There are 2 protein chains.
Amino acid sequence: MYDQLKLENQLCFRLYTASRLVTQAYRPYFEPLGITYPQYLVLLILWEQDNLPVSDITSRLMLDTNTVTPLLQRMEREGLITRTRGTVDSRQRIVSLTPRGLAMQEQAKDIPSCISRKWDGKAPSVEEIFAMAKTLDSMIETLKQ
Amino acid sequence: MYDQLKLENQLCFRLYTASRLVTQAYRPYFEPLGITYPQYLVLLILWEQDNLPVSDITSRLMLDTNTVTPLLQRMEREGLITRTRGTVDSRQRIVSLTPRGLAMQEQAKDIPSCISRKWDGKAPSVEEIFAMAKTLDSMIETLKQ
DNA sequence: TAACTTTGCATCGTGAACGATATAAATCAA
DNA sequence: TTGATTTATATCGTTCACGATGCAAAGTTA
């Protein structure tokens, strides 16, 4: 039995599981809004800056168009965004919030604090989480190459 | 603009992205073996202990049967495992490694070290990764409830 | 032992991820 | 300006995740 092949020694499994469980924690808050977790990420981007080409969204999410295009098509179908053809470069699709997509920001603004309250008084501490965020950032930076 | 709704302030997005990128780092090593990342996790479990009911696998992976059953069916189709009916409790399906699935352990035993070499000399350090693993564990423990 | 509940697993539908491939517009080179 | 290449996005097929539902075996209760 190779120790390095034990499930509990795998960092990847911890990341995979923590990511899934955190997403699950968000789910009850997304359900009344009728959105999913990746759709929420797209909305976060558009709430920061509207009218972006698909390429800006793919690069910020570090996903490819084969994931993002169908995602945006579903969001368009749900009336959250529009996808208009670029005027300067007509290959581009400019993604814009609909009034409904914009208004959803108000309904979503308390979700992060609801989530962080989940581990009020429980482990891990805010300090640990902050340190982990830094480590994740450098890990992402290294792996992005 | 609500600060708490900025993409870069989202822990969830870091976890989600790091998890995806780490899985991507494994992919080249899985490809010659013809397996996927979740299939690798199942193999890790079976290499530790063979002949397990589906429920043991779901609980260790913290996944439900609606994810694991199709996964096991594909692995059976690929000749990595067998799924026999339990003798004591005939509702159970006992998952066992085939010779091929067992032999794959030898081919996989160097994958973890290949992955960890990815950030030799780069950030994050081994200490940071170790600290993060601890934080992830407590986060998983808290969210599991 | 008959009716009820629980347990273990399977099936179905939907929405991601992602490799591979396609297409049209833009850009570059000859 | 024509032909070649690159860029921006889309499509397709496969595998995961996961909510909802189904079903038969096991356990429980009356």
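Quick note on labels: first sequence line is chain A, next is B, and so on, each numbered from 1. The analysis underlying the following values was restricted to heavy atoms, covering all of them including side chains, and did not include hydrogens, waters or symmetry mates. Since this is a predicted model, take the numbers as computed values, not measurements.
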Would one find a side-chain N or O of [X] under 4.0 angstrom from OP1 or OP2 of [N]?
| X | N | answer |
| --- | --- | --- |
| A:Arg74 | C:dA16 | yes |
| A:Tyr16 | D:dC16 | no |
| B:Thr69 | C:dA10 | yes |
| A:Ser90 | C:dA26 | yes |
| A:Gln73 | D:dT11 | yes |
| B:Gln39 | D:dC16 | yes |
| B:Thr58 | C:dG8 | no |
| A:Arg27 | D:dC18 | yes |

Whole angstroms only, please: what is the [atom1]-[atom2] distance between [X] and [N]?
| X | N | atom1 | atom2 | value |
| --- | --- | --- | --- | --- |
| A:Ile57 | D:dA8 | CD1 | P | 14 Å |
| B:Met62 | D:dC18 | CE | C1' | 16 Å |
| A:Tyr37 | D:dC18 | OH | P | 13 Å |
| A:Leu52 | D:dA8 | CG | C1' | 15 Å |
| A:Leu71 | C:dC18 | CG | C1' | 14 Å |
| B:Met75 | C:dA10 | CE | P | 14 Å |
| A:Glu31 | C:dT14 | CD | C1' | 14 Å |
| A:Leu61 | C:dA17 | CG | P | 10 Å |

Quick check on DNA chain D: between A:Arg93 and A:Gln24, whose nearest nucleotide comes earlier from the 5' end?
A:Arg93
Starting at the 5' end of DNA chain D, which residue's closest nucleotide do you reach first, B:Asp64 or A:Ile94?
A:Ile94
Which label fits B:Tyr26 and B:Phe30: parallel for a plane angle under 30°, tilted from 30 to 60°, or perpendicular past 60°?
parallel
In terms of side-chain heavy atoms, does A:Tyr2 have a donor or acceptor partner in B:Glu106 at a distance below 3.5 Å?
yes
Side chains of A:Ser96 and A:Asn51, donor plus acceptor under 3.5 Å:
yes
Position toward the 5' end of DNA chain C (nearest nucleotide), B:Thr65 or A:Leu63:
B:Thr65
Heavy-atom nearest nucleotide on DNA chain C for B:Arg85 versus B:Leu21: which residue maps closer to 5'?
B:Arg85
When we call it a touch if two heavy atoms are under 4.0 Å apart, what does [X] touch: a base, just sugar-phosphate, or nothing?
| X | answer |
| --- | --- |
| A:Ser55 | sugar-phosphate |
| B:Thr67 | base |
| A:Arg83 | sugar-phosphate |

Check whether any side-chain heavy atom of [X] lies under 4.5 Å from a side-chain heavy atom of [Y], and answer yes or no.
| X | Y | value |
| --- | --- | --- |
| A:Glu76 | A:Leu72 | no |
| A:Asn9 | A:Gln4 | no |
| A:Leu15 | B:Thr23 | no |

Taking N and O atoms by type only, does the side chain of A:Arg91 place a donor or acceptor under 3.5 Å from a partner on the base of D:dT9?
no
Ignoring hydrogens and angles, answer whether the base of D:dG19 and the side-chain atoms of B:Asn66 contain a donor-acceptor pair closer than 3.5 Å.
yes
Return the nearest nucleotide to the side chain of B:Arg20; candidates are C:dC18, C:dG15, D:dA10.
C:dC18
